[in-house]
Amino acid sequence: MGIKIYNTLTRKKEEFVPITEGEVKMYVCGPTVYNFFHIGNARTFLVFDTVRRYFEYRGYKVRFIQNFTDIDDKMIKKANEEGVTVKDIADKYIKEYYTDADKLNLKRATVNPRATEHMDEIISFIKDLVDKGYAYEVDGDVYFETRKFKGYGKLSHQSIDDLEAGARIDIDERKKDPMDFALWKAQKLGEPAWESPWGMGRPGWHIECSTMASSLLGETIDIHGGGADLIFPHHENEIAQSEARSGKQFSRYWMHAAYLNIDNQKMSKSLNNFFTTREILEKYDADVVRLFMLSGHYRNPINFSLDLMEQAKSGIERMKNSLTNLKYIVENGEDRELTAEEKEISLRLNAYKDKFIEVMDDDFNTADGISVIFDLIRDANTNINEASPKKLAQNAIELIYDLLSPLGILQNTDEDGLDEKIEKMIEDRQRAREEKNFKEADRIRDELKAMGIILEDTAKGVRWKRA
RNA sequence: GGCGACAUAGCCAAGCGGUAAGGCAGAGGUCUGCAAAACCUUUACCCCCAGUCCGAAUCUGGGUGUCGCCUCCA
């Protein structure tokens with residue numbers, strides 16, 4: 001039994017079989033870098049970051065490519081508005097992307113290719129399509145002829161005729177068919193352009209992903225991912241271009257993350273229900289955001305609200321509490337071997353990992369995975385206490401961090417110690433308590449609380465944590 | 001019009017044929033100088049109606065409702 005993936009292409013869950021044993025070649029459509037990315041983008045990135053981490057957790061070597069679209073209409077518009085070059089905009093927002101992505105604890109991709117840095121390959125890709133008769137040029141534009149590609153519509157499970165029937169696209173008389181899409185766009189006044197066999201111009205949107213995916217991963221890749229809205233037309237078009245050119249299957253598995261909605265509606269600027277990731281990260285830790293987003297299945301839409309963020313925050317608190325309590329036992333517990341009974345506890349604790357893998361293997365069921373972690377936490381909380389050996393507590397801590405790692409939650413374990421002043425206050429309070437001077441003890445505790453240090457009295461002494 | 005998804009406790013959310021996980025919130029309790037944390041107990045006619053089956057939240061048909069894609073979009 002291995003990992004199963006729901007494949008949009010077949011609409012079935014399938015056993016994951018990599019092209020090369022032990023390796024995963026995956027490509028995920030990244031952002032158009034004309035703005036800060038919003039929390040909807042964040043969900044998609046987070047989902048695929050988790051997929052990637054989980055593959056690594058299961059021992060795969062992952063080549064993870066996520067592109068930056070750094071040339072398109074929106075980029076040009078933004079550059080014109082700000083009176084700077086398209087490249088200026090791209091550079092700026094790529095930098096901002098990393099700021100937010102790093103803070104969200106998104107692992108850096110193996111490569112983050114930029115469309116403009118692959119222009120020669122894009123042009124030769126298009127040229128191949130023209131040479132093979134899948135594309136035609138009109139006035140410096142180059143279009144892909146969808147009816148030439150037999151499999152068109154196989155990803156979105158629609159026929160070209162059905163798509164056309166519902167189409168709301170403008171009729172362009174120069175195209176052979178309304179469903180034909182641009183591979184190359186002739187330069188318009190004031191737009192950045194590159195030299196090509198069809199004159200100055202720039203690539204259409206879909207071609208960059210096909211080109212960079214094949215260039216960096218090969219003509220057939222294992223997994224292609226993105227937001228659900230990319231199924232049509234973007235991914236459909238990618239398949240058409242790539243398979244028309246190579247004659248091989250482009251991607252074996254297609255994964256799509258569902259939407260993040262606000263008040264049950266799609267986020268949109270016109271509805272003014274738009275949050276950037278940065279705004280949210282100012283109010284909530286990445287751990288909270290990640291727990292929130294991973295607590296539902298990636299193929300189901302989730303609704304965003306501050307109330308739900310608060311709930312997630314409490315969940316993170318529960319995890320943290322358990323961990324600080326266990327760490328306290330590692331520091332103050334008994335330094336001895338495990339009794340027979342404790343060995344049983346340890347064994348049972350370790351079994352949660354098997355359960356975790358079982359549910360996560362099933363199409364990355366992070367919701368179930370999280371519930372296994374909470375089960376583990378309750379078990380540890382119940383059965384490990386101040387009288388337990390350090391080893392047992394240490395075992396539980398490692399296990400919790402281990403299961404949390406593919407989710408990217410609570411992985412920044414570096415903690416600051418307490419400074420001398422605070423340590424002295426804690427000592428003073430302990431003395432006051434021994435003298436039954438509870439008023440003074442409580443005063444110091446309140447003072448520390450105001451400083452962000454929470455004290456908890458245990459049978460073995462005082463335990464502290466940060467608020 | 002075409003294609004599709006979803007409807008489970010106050011809130012969120014798994015489960016997808018064998019009799020309802022988990023989190024948050026609430027109530028009661030244990031422990032504690034108090035508190036906190038933790039633990040225990042407690043809260044579900046699984047949208048409706050038919051049907052298949054020994055057995056359905058899970059499958060089939062029909063409703064109702066919400067949402068998405070078919071246009072730039074994660």
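Order of the sequence lines sets the chain letters (A, B, ...), proteins ahead of strands, with each chain counted from 1.
- Residue A/Arg299 is out of contact with every strand shown, counting any heavy-atom pair closer than 4.0 Å.
- Spacing of P atoms, B/rC46 relative to B/rU8, comes out at 11 Å, to the nearest Å.
- OP1 or OP2 of B/rG23 sits under 4.0 Å from a side-chain N or O of A/Arg318.
- Base contact: A/Leu260 has a heavy atom under 4.0 Å from a base atom.
- Backbone-only contact: A/Phe232 has heavy atoms under 4.0 Å from sugar-phosphate atoms and none from a base.
- Applying the 6.0 Å contact sphere to NZ of A/Lys154 captures more than 12 heavy atoms from other residues, nucleotides or ligands.
- Classification of the A/Tyr57-A/Phe356 ring pair by plane angle, with boundaries at 30° and 60°, yields perpendicular.
- Base-pair partner of B/rG68: B/rC3 (Watson-Crick or G-U wobble, both distances under 3.5 Å).
- Searching all strands for a Watson-Crick or G-U wobble partner of B/rC46 with both distances below 3.5 Å returns nothing.
- Note on A/Ser159: nothing from the nucleic acid sits closer than 4.0 angstrom, heavy atoms only.
- A/Gly296 comes within 4.0 angstrom of the backbone, heavy atoms only, and of no base.
- In this structure, A/Phe64 has its ring center at least 6.0 angstrom away from the ring center of A/Phe55.
- Note on A/Asn365: a side-chain N or O is less than 4.0 Å away from OP1 or OP2 of B/rG15.
- Each of A/His234 and A/Pro301 was matched to the nucleotide of RNA chain B holding its nearest heavy atom; the match closer to the 5' end belongs to A/Pro301.
- Aromatic stacking is marked for A/Phe438 over B/rG33, as both cut-offs hold: 5.5 Å for the centres and 30° for the planes.
- Contact annotation for A/Asn321: backbone-only contact, meaning every heavy-atom pair under 4.0 Å involves sugar-phosphate atoms and none involves a base.
- Searching all strands for a Watson-Crick or G-U wobble partner of B/rG55 with both distances below 3.5 Å returns nothing.
- Residue A/His38 is classed as a base contact, given a heavy-atom separation below 4.0 Å to a base.
- Residue-level contact check: A/Asn300 touches the backbone only, with heavy atoms under 4.0 Å from sugar-phosphate atoms and none from bases.
- In this structure, A/Asn381 reaches the B/rC39 phosphate: one of its side-chain N or O atoms is under 4.0 Å from OP1 or OP2.
- With ring centers used as reference points, A/Phe364 lies 6.0 Å or more from A/Phe48.
- In this structure B/rC31 sits in no base pair that meets the Watson-Crick or G-U test at under 3.5 Å.
- Using a 4.0 Å heavy-atom distance criterion, A/Leu455 is classed as a base contact.
- A/Arg378 comes within 4.0 angstrom of the backbone, heavy atoms only, and of no base.
- Taking the ring centroids of A/Phe304 and A/Phe292, they lie under the 6.0 Å cut-off.
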